[in-house]
Amino acid sequence: MTSFSNQDIADVLNKVAIVYQLQNENRFKIIAYQQAAEVVSTCTQSIYDLWKEGNMQDINGIGTTIANHLQEYFTNKESSYFWKTIAQVPQSVFLLVNIPGIGPKRAYKLVTHLHLDNPTTALADLQTAIENNEMSQMEGFGEKSQQQLLENLELYTKQSSAEKRMILPFAQKVAHQLLQYLTLHPQVIQCEPLGSLRRHIETIGDIDIVLVADEKYFSTIIDYIAVYPSCLRVDNKGSKKISIIVAPHIRVDIRLTTLKTYGTMLQYFTGSKMHNIRLREYAQKKNLSLSEYGITDKKTGIQHTFEKEELLYSFLKLEYISPLLREGTDEITRAQEHTLPTLVSLKDIRGDLHVHSNFPIQTSHDVGANSFTTLLNKAKQLGYTYIGFTEHNPRSKESANQVISLLQKRRLQAQRELTNTPITYFLGLEVDIRPDGTLALYDEAIEQLDYVIVSIHSSFRMDQKSATARVLKALSYPKVRIFGHPTGRKIGERDGLSLDWKQIFPLCRKRNIALEINAWPQRLDLPDVLVRQAIQAGVRCIINTDTHALIDMDNMHYGITVAQRGWCEKKNIVNTLPENEFRRWILNK
DNA sequence: GCCGTTTTCGGCCCGACTGTTTTCAGTCG
Ligand SMILES: Nc1nc2c(ncn2[C@H]2C[C@H](O)[C@@H](COP(=O)(O)OP(=O)(O)OP(=O)(O)O)O2)c(=O)[nH]1
Ligand SMILES: [Mg+2]
Ligand SMILES: [Mg+2]
Ligand SMILES: [Zn+2]
C-alpha cells in the first residue's frame with residue numbers, strides 16, 4: 001500500500017508552484033500553492049490520513065481545487081494532473097532552485113541552455129559548464145552572475161549533504177559571537193538577534209540581526225561587517241542590509257536601522273513571515289500601510305514611526321503580541337479581542353521532576369553524574385520547592401526481588417543523604433514503554449515508587465495505529481503521572497512516533513497525566529504546536545529538564561519557551577503548583 | 001487558487017539588492 005508523507009505532498013505542491021512560475025501563471029495562484037505547501041509541511045497530522053477520513057479541506061490553504069488534484073494524485077499518481085504538470089519541465093530545474101539566488105526562471109534557463117538533463121549529475125554538470133565558460137553567451141548571465149553562481153554552488157554542494165537547520169543553542173552561540181564583534185564598533189548603538197532566534201523556534205534557518213546606528217554611519221558599519229573574521233563570503237551588501245556566509249550552512253542577515261524606526265524594524269524582522277503578512281493585511285483594512293519603516297495613513301500619506309514595538313501594536317488597537325506567539329495562527333484576532341494568554345514564565349516553575357541521579361540503578365541506559373545532595377542543592381539554588389529523581393528502570397535481567405531491593409536501597413540512601421532539607425523530593429523512575437505497550441518494570445516494583453514517568457527509547461518504526469495502542473496501554477498503568485518526551489523525536493536525527501493525539505489527550509485528561517515538555521534542546525518534546533493542542537484538549541503539561549549532569553538543570557528555560565510558544569499559562573503547567581497541591585497531584589491523592 | 005464577524009467576488013504585504021535593466025524582472029527577506 002502506498003502512502004504519502006506530508007513532505008512528499010509539500011514537495012509536489014512546491015513543484016507545481018515552480019512550473020506555474022515558469023508559465024507566468026497568476027502570481028496569487030502561485031502564492032496559494034506555496035502557502036498550501038507550507039501549511040502541509042508544518043501540519044502535525046498526516047494529510048494523507050486526513051484525506052482518507054475525508055477531512056483534507058479542513059486545512060486552511062487547501063481549497064477544492066488543490067484537494068481534488070491531490071485526491072487524483074493519491075489514487076492515480078502517474079496519470080494525475082499534478083504529475084503531468086510537473087513532468088512538463090526538465091526535472092533538474094527542481095534541484096537547481098535550491099541553490100541560493102537561483103529561482104525557477106534562472107534554473108530553467110541554465111538547464112535548457114547548458115543541457116543539464118540528467119538530474120543526478122546536474123549540479124556537477126553545472127559546475128563544469130561554468131568552469132568551461134559555456135555560460136558566456138547566455139542572456140542575463142554576465143561575468144558577475146557567473147562568479148556568484150559558482151560561489152553559491154560550491155557552498156551549496158558542501159552543505160547539501162548535511163542540509164540542516166541549526167539547533168537553537170548552537171545558533172544562539174553563533175549569534176552571540178557575532179554580536180560581540182558588532183558591539184565593538186563605536187558607532188553601533190545596539191544590536192539584537194531577531195527572526196526565528198527571537199521567536200525561539202526549535203531550529204534556526206539563519207541568523208537574523210538588527211543593528212541600531214545613526215544613518216550617516218551605515219556604510220562604514222556595513223564595510224566593517226563585511227570584514228568579520230569568520231566571514232567566508234559576502235552574499236549581498238547594500239545601504240541598509242548585508243548578508244554574509246560564516247560557514248557553508250550558516251548565513252547571517254543584518255538589517256540596519258535608526259533609533260526612530262527601531263520599533264517597526266523589530267516588528268518586521270522578528271516575523272514570522274505569516275504574522276507579518278497577517279498584520280499588514282489587518283493594517284490595510286484600516287487603510288494603513290505597515291512596513292519596517294512605519295505605518296502610513298494611505299489617505300493623508302502621513303507616516304508614523306515607532307521606536308517601540310509595543311506602541312506599534314497599540315497604534316493598531318492590538319494587545320501586545322509576544323514574539324513567541326507570532327506564527328500567523330490566530331494571534332491577531334486574539335489581540336484584537338484582548339484575550340491573549342498570560343504566558344507562563346521561568347519564575348513560575350517550582351520544581352524539576354525528571355532528574356537522573358548517579359544512584360547505581362543497574363540500568364542499560366545512561367545514569368546521571370551527580371548525587372541526590374548535589375542535585376537537590378541545585379534545585380534549592382534555582383528557587384525550587386520540590387524535585388523528583390527519576391533514574392531509568394533497571395535492566396530486564398534483574399529479578400523482581402532484586403529490583404525491589406534496589407529501590408528500597410535508593411529510598412534509604414536518599415533519606416540518609418537528604419535530612420533537614422527545605423525541599424520536598426519525590427522518588428520516581430523513568431520507565432521504558434516496550435513495543436507492546438507493557439512497562440519495563442515489575443508491577444510489584446511500581447509500588448515502591450512515588451510516581452512513574454513512562455517514555456519510549458526504542459522501536460520508533462511503527463504505524464500510527466499500533467504506536468497509539470502502545471502508548472495508551474502504557475498510560476493505563478498505576479502511578480503513571482508523566483508521559484516523558486512523548487514523540488521521542490531527536491531533532492536533526494530522527495522523527496518521533498506518529499501518534500493519534502485525539503486518543504492520547506482524552507486519556508491523559510481522564511487520568512490527570514501530564515505530558516512532558518522535555519527541555520533538552522535536541523528534544524523539546526512535546527513540540528510547541530502539539531502543546532497548544534494538548535492544553536486546548538484540557539491536558540496539563542509539565543516542564544522537565546531530563547537532567548543527567550548538574551548543568552542540565554539550567555536548561556529549564558528552553559522548555560519554558562516551548563510552553564510559551566504553545567500558548568501555556570501558569571495554570572496549564574503542573575510544576576508551577578505550590579508544593580502541597582503538587583504533592584496531591586503527583587501522588588494522585 | 002484561496003477566502004469571508006460588513007464580502008461567495010474581488011481582493012491578495014511590502015521592501016532590499018542585483019544585474020546591463022535605460023525602467024524592471026528575478027530573487028530574497
Ligand atoms: N513582510 C515580510 N516579512 C518577511 C518576509 N520574509 C521574511 N520576512 C521577515 C520575517 C522573518 O521572520 C524575518 C527573517 O526572515 P527569515 O527568512 O530569516 O525567517 P525566520 O528567521 O523567521 O526563519 P528561519 O529560521 O530563518 O527559517 O524577515 C516576507 O515575505 N514578508
Ligand atoms: Mg531567519
Ligand atoms: Mg534571514
Ligand atoms: Zn530521562
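In what follows, chains are A, B, ... by sequence order, proteins preceding strands, each numbered from 1.
For the 3.5 Å distance criterion, the side chains of A/E25 and A/Y33 fail to qualify, holding no donor opposite an acceptor. No hydrogens or angles considered: nothing links the side chains of A/D125 and A/T128 as a donor-acceptor pair under 3.5 Å.
Remark: of the listed residues A/Y320, A/Y282, A/F306, A/F306 is the sole one forming a ring pair (Phe, Tyr, Trp, His ring centres under 6.0 Å) with A/F315.
Partner assigned to B/dT8 is none, using Watson-Crick or G-U wobble distances below 3.5 angstrom.
Between A/M265 atom CE and B/dG29 atom P there is a gap of 15 Å when expressed in whole angstrom units. When rounded to the nearest whole Å, the span between CD of A/Q21 and C1' of B/dT27 equals 10 Å. The CZ-C1' distance, from A/F28 to B/dC2, rounds to 12 Å in whole Å. Between the CD atom of A/Q146 and the C1' atom of B/dG19 there is a distance of 13 Å, rounded to whole Å. B/dC12 atom C1' lies 13 Å from atom NZ of A/K273, rounded to whole Å. In this structure, CG of A/D206 is placed 9 Å from C1' of B/dG29, rounded to the nearest angstrom. Whole-Å rounding puts the A/R27 CZ to B/dC2 P distance at 17 Å. Rounded to whole angstrom, the span from the NZ atom of A/K105 across to the P atom of B/dG26 amounts to 4 Å.
Among the protein residues, A/I62 comes within range of the sugar-phosphate backbone only, with heavy atoms under 4.0 Å from sugar or phosphate atoms but none that close to a base. Contacts of A/S289 with the nucleic acid, taken as non-hydrogen atoms under 4.0 Å apart, involve only primed sugar atoms and P, OP1 or OP2. Among the atoms of the strands shown, none is found under 4.0 Å from any heavy atom of A/G195. Within the 4.0 angstrom heavy-atom criterion, base atoms lie near A/I277. Heavy atoms of A/I31 sit nowhere under 4.0 angstrom from any nucleic acid atom. Using a 4.0 Å heavy-atom criterion, one finds that A/T333 contacts no nucleic acid atom at all.
Between A/F74 and A/Y48, the ring planes lie perpendicular to each other; the angle is over 60°, past the 30° to 60° tilted range. Ring pair A/Y313/A/H275 is tilted by interplanar angle, where 30° to 60° counts as tilted. A tilted orientation is assigned to the rings of A/Y73 and A/F82, their planes being inclined by 30° to 60°.
When atom types are taken as modelled, the side chain of A/E78 and the backbone of A/N76 share no donor-acceptor pair closer than 3.5 angstrom.
Between B/dC12 and B/dT18, the two P atoms lie 29 Å apart (nearest whole Å). The same atom, P, is picked in B/dT6 and in B/dG1; the two are 28 Å apart, to the nearest Å. Here the separation of B/dT22 from B/dC28, taken at their C1' atoms, is 24 Å to the nearest Å. Across the P atoms, B/dG4 and B/dC13 are found 15 Å apart, a figure rounded to whole Å. Remark: the separation of the C1' atoms in B/dT20 and B/dG26 is 14 Å, to the nearest Å. On the C1' atoms, B/dC17 is 29 Å away from B/dG11, given to the nearest whole Å. Comparing B/dT27 with B/dT21, their C1' atoms sit 15 Å apart, to the nearest whole Å.
In this structure, A/Q148 reaches the B/dG19 phosphate: one of its side-chain N or O atoms is under 4.0 Å from OP1 or OP2. Remark: A/R251 is not in phosphate contact with B/dC28, judged by side-chain N or O atoms under 4.0 Å from OP1 or OP2. Proximity of A/Y293 to the phosphate of B/dA16: a side-chain N or O atom is located under 4.0 Å from OP1 or OP2. Dashed line: the shortest gap from a side-chain N or O of A/S239 to OP1 or OP2 of B/dA16 is not under 4.0 Å.
Map A/L290 and A/V97 each onto its nearest nucleotide of DNA chain B; the residue landing nearer the 5' end is A/L290. Nearest-nucleotide positions on DNA chain B place A/N276 closer to the 5' end than the other of A/R255 and A/N276.
Taking every side-chain heavy atom of A/Q284 into account, B/dC12 is the closest of B/dC12, B/dG1, B/dA16. The A/K241 side chain lies nearest to B/dC17 when the options are B/dT27, B/dC12, B/dC17. Side-chain proximity of A/K237 to the nucleotides B/dT27, B/dA16, B/dT18 is greatest for B/dT18. Residue A/N26 places its side chain closer to B/dG1 than to any other of B/dC2, B/dG1, B/dA16. When the nucleotides B/dC14, B/dA16, B/dG29 are ranked by their closest atom to the side chain of A/K240, B/dA16 comes out on top. If you check B/dC13, B/dG1, B/dG29 against the side chain of A/D208, the one that comes closest is B/dG29. Nearest nucleotide to the side chain of A/N236, out of B/dT18, B/dC2, B/dG1: B/dT18. For A/T65, taking side-chain heavy atoms from C-beta onward, the closest of the listed nucleotides B/dC14, B/dG29, B/dC2 is B/dC2.
Taking only distance into account, the side chain of A/Y268 meets the base of B/dG29 through a donor-acceptor pair shorter than 3.5 Å.
Between A/Y268 and A/Y293, the ring centre distance reaches or exceeds 6.0 Å.
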